[in-house]
There are 2 protein chains.
Amino acid sequence: MEGRAARSVKKPAARHIPEATVARLPVYVRTLLGLADEKTSTISSERLAELAGVNAAQVRKDLSYLGSYGTRGVGYDVEYLLFQMSRELGLTHDWPVIIAGVGNLGRALANYGGFGERGFPVAALVDADPKKVGKAIGGIEIRHVDDLPDIVAEHHAAIGIIATPAAAAQDVADRMVAAGVSSILNFAPAIVTVPDGMSLRKVDLAVELQILSFYQQRRTEPDADRTVASAGGEG
Amino acid sequence: MEGRAARSVKKPAARHIPEATVARLPVYVRTLLGLADEKTSTISSERLAELAGVNAAQVRKDLSYLGSYGTRGVGYDVEYLLFQMSRELGLTHDWPVIIAGVGNLGRALANYGGFGERGFPVAALVDADPKKVGKAIGGIEIRHVDDLPDIVAEHHAAIGIIATPAAAAQDVADRMVAAGVSSILNFAPAIVTVPDGMSLRKVDLAVELQILSFYQQRRTEPDADRTVASAGGEG
DNA sequence: CGGACTTTGTGAACGCAGGCACGAGCGGGG
DNA sequence: CCCCGCTCGTGCCTGCGTTCACAAAGTCCG
Ligand SMILES: NC(=O)c1ccc[n+]([C@@H]2O[C@H](COP(=O)([O-])OP(=O)(O)OC[C@H]3O[C@@H](n4cnc5c(N)ncnc54)[C@H](O)[C@@H]3O)[C@@H](O)[C@H]2O)c1
Ligand SMILES: NC(=O)c1ccc[n+]([C@@H]2O[C@H](COP(=O)([O-])OP(=O)(O)OC[C@H]3O[C@@H](n4cnc5c(N)ncnc54)[C@H](O)[C@@H]3O)[C@@H](O)[C@H]2O)c1
């Protein structure tokens, strides 16, 4: 119970925030931005839960990791909560990102304005194909992947996106790390490893589709060739 | 990979497979495909774990949900395991997918050959913009979103991909469900809900970047305004 | 000014997932 | 033919995440 001198702006002793909570914070932020737009000043955990698609107790617990920012009997102040969450997520300043691999996907990402708006401007594009180097996408010149060290230093970029073929992914990741990037988002369908202390997240569309396929099949072909069709307790 | 008279081809009473395991199966499949290509006939859980980036006990437990397909002292037969996993995931036949929203992202997805190769051919593209309807991307004509019921029936498509702006996502999802789609992959940054019994997965790039931003900030700004800098036990 | 009502913050219970460790089973070598 | 070494399959334990339920704490209204 330190800080909080009539709503201090200091962080309350930064406790450990569970990974699952961290993953939901951006969803809350987005929801709150929508609410702020429509001039809603206060929100209850129940309503926020509904909008964010989670359980109300979950919302309260998640928010409680950030501090006691709610008012009992009233709810949470939208603007204030937004401020606290943005700060916690590090959204108070821009994070320039570097995209490696300017093919189908890299081009779509580079052209997409949504990242810049949300504080993740595309700072640079790199590719290994000499024919692509020198061209520009969305106003950004494509540079050679060998220049990564310079580019990273130049833009103080800490976040890299890998949109190269799978075979090149680990090499590109290594180069990024060597150049000073310490957070990587990998789109290539390959297992990439980075040194301890770095962050790596992956988005694998083929995996997503295959997961859908699994459940889809279970529905359409309930127990096609199962020997015994006992009423297995399926939640 | 068919026959295999000595070993029954029947599914062993299809037990319940944990969601976390289902999410890893596609990774194993991809790894095994690579091994099959290089003529590796047998693989141990330890090596597979290494290639898939997980723990060896995890691999064994995951595979044990499918049945006892390993041979003690030897390992798993690559081809056979691949066959069993493919069947479990429903990859023995193609799953045509429908992409809604042919903008930056939709176009990249439509042009990407990887899905078709992996059994998820793009069966149709739909958009609400009359200027886009009639044009073709990657050899596939763009049709109007109003035609969804016909399109779904025509292609027996059960999987839909939403690549529209967030504001349209729920509406498109509803239309897809009404048309007979029961598995949806949503790329729009919006909370979409579907009726019970349908599958919905989301890929939200902005959320991914914000998660990276969170950990990145914690690294670069270790305890900027924390009151006490105790040696917090960070795993 | 007091009481009823609302909503937060959190303790406790529960279920899922991950990892260790070890017995069981198989192949290979002597 | 037997024994040894290897690897699977799984029971058990631990930790994380989710949900329930309720006391605490504030607001609002009469
Ligand atoms: N396009 C999609 O919709 C889509 C969907 C799912 C997954 N993916 C994955 O995303 C990745 C990119 O897909 P894509 O369709 O854009 O592929 P692409 O072949 O169109 O583009 C790949 C780009 O990476 C460049 N590249 C190759 N090696 C490189 C290296 N070492 N360093 C830097 N750049 C290098 C190539 O020159 C090319 O420009 C692939 O791994 C793919 O599997 C793409
Ligand atoms: N492009 C990217 O790299 C990227 C990255 C992350 C997230 N996203 C998300 O993916 C979605 C699509 O992004 P984009 O860049 O392709 O957007 P875009 O604006 O380029 O394309 C959207 C398309 O959807 C169509 N559309 C609009 N309403 C529709 C409706 N009701 N039914 C069918 N089609 C409709 C539009 O006509 C347009 O062709 C957005 O939600 C975006 O936030 C895109």
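Chain identifiers are assigned alphabetically (A, B, ...) following the order of the sequence lines, protein sequences preceding nucleic acid strands; residue numbering begins at 1 within each chain. This one's a predicted model, so the numbers in the text were calculated from it and none came from an experiment.
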Going through the checks in order, is the side-chain contact (heavy atoms from CB on, under 4.5 Å) test met by L205(A) and L109(B)?
CA-CA 10 Å; L205(A) 309 190; L109(B) 295 172; 3.7 Å; yes
How about CD on Q170(B), more than 12 heavy atoms from neighbouring residues, nucleotides or ligands closer than 6.0 Å, or not?
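Buried by this count: over 12 neighbours within 6.0 Å.
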Around atom CD of E208(B), are there more than 12 heavy atoms from other residues, nucleotides or ligands closer than 6.0 Å?
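Yes, CD of E208(B) has more than 12 neighbouring heavy atoms, counting only those of other groups under 6.0 Å.
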Do the side-chain N and O atoms of S199(A) and Q216(B) include a donor-acceptor pair separated by under 3.5 angstrom?
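The criterion, which ignores hydrogens and geometry beyond distance, is not satisfied for Q216(B) and S199(A).
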Determine whether R219(B) and Y215(B) make a side-chain contact, defined as any pair of heavy atoms from C-beta on separated by less than 4.5 Å.
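Yes, side chains in contact.
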In whole Å, I'd like the distance from the [atom1] atom of [X] to the [atom2] atom of [N].
{"X": "R72(A)", "N": "dG9(C)", "atom1": "CZ", "atom2": "C1'", "value": "5 Å"}
{"X": "L66(A)", "N": "dG9(C)", "atom1": "CG", "atom2": "P", "value": "10 Å"}
{"X": "D62(A)", "N": "dT10(C)", "atom1": "CG", "atom2": "P", "value": "13 Å"}

Mapping R24(A) and R60(A) onto DNA chain D by nearest heavy atom, which one lands closer to the 5' end?
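In this pair, the answer is R24(A).
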If you walk 5' to 3' along DNA chain D, what is the first nucleotide with an atom under 4.0 Å of a heavy atom in chain A, and what is the last?
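Extent of the interface on DNA chain D: dG17(D) to dT27(D).
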What's the separation between atom CD1 in I99(A) and atom CD1 in I161(A), rounded to the nearest 0.5 Å?
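CD1 of I161(A) is found 5.0 Å from CD1 of I99(A).
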Nucleic acid contacts of residues 42-58 of chain A, taken as heavy-atom distances under 4.0 Å to DNA chain D
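Nucleic-acid contacts, sorted: N55(A), A57(A), Q58(A).
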side-chain contact (heavy atoms from CB on, under 4.5 Å) evaluation trace for R201(B) with N186(B):
CA-CA 6 Å; R201(B) 297 188 62 86; N186(B) 176 35; over 6 Å; no
Report yes if the distance between the aromatic ring centroids of Y69(A) and Y76(A) is under 6.0 Å, otherwise no.
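Centroid separation for Y69(A) and Y76(A): 6.0 Å or greater.
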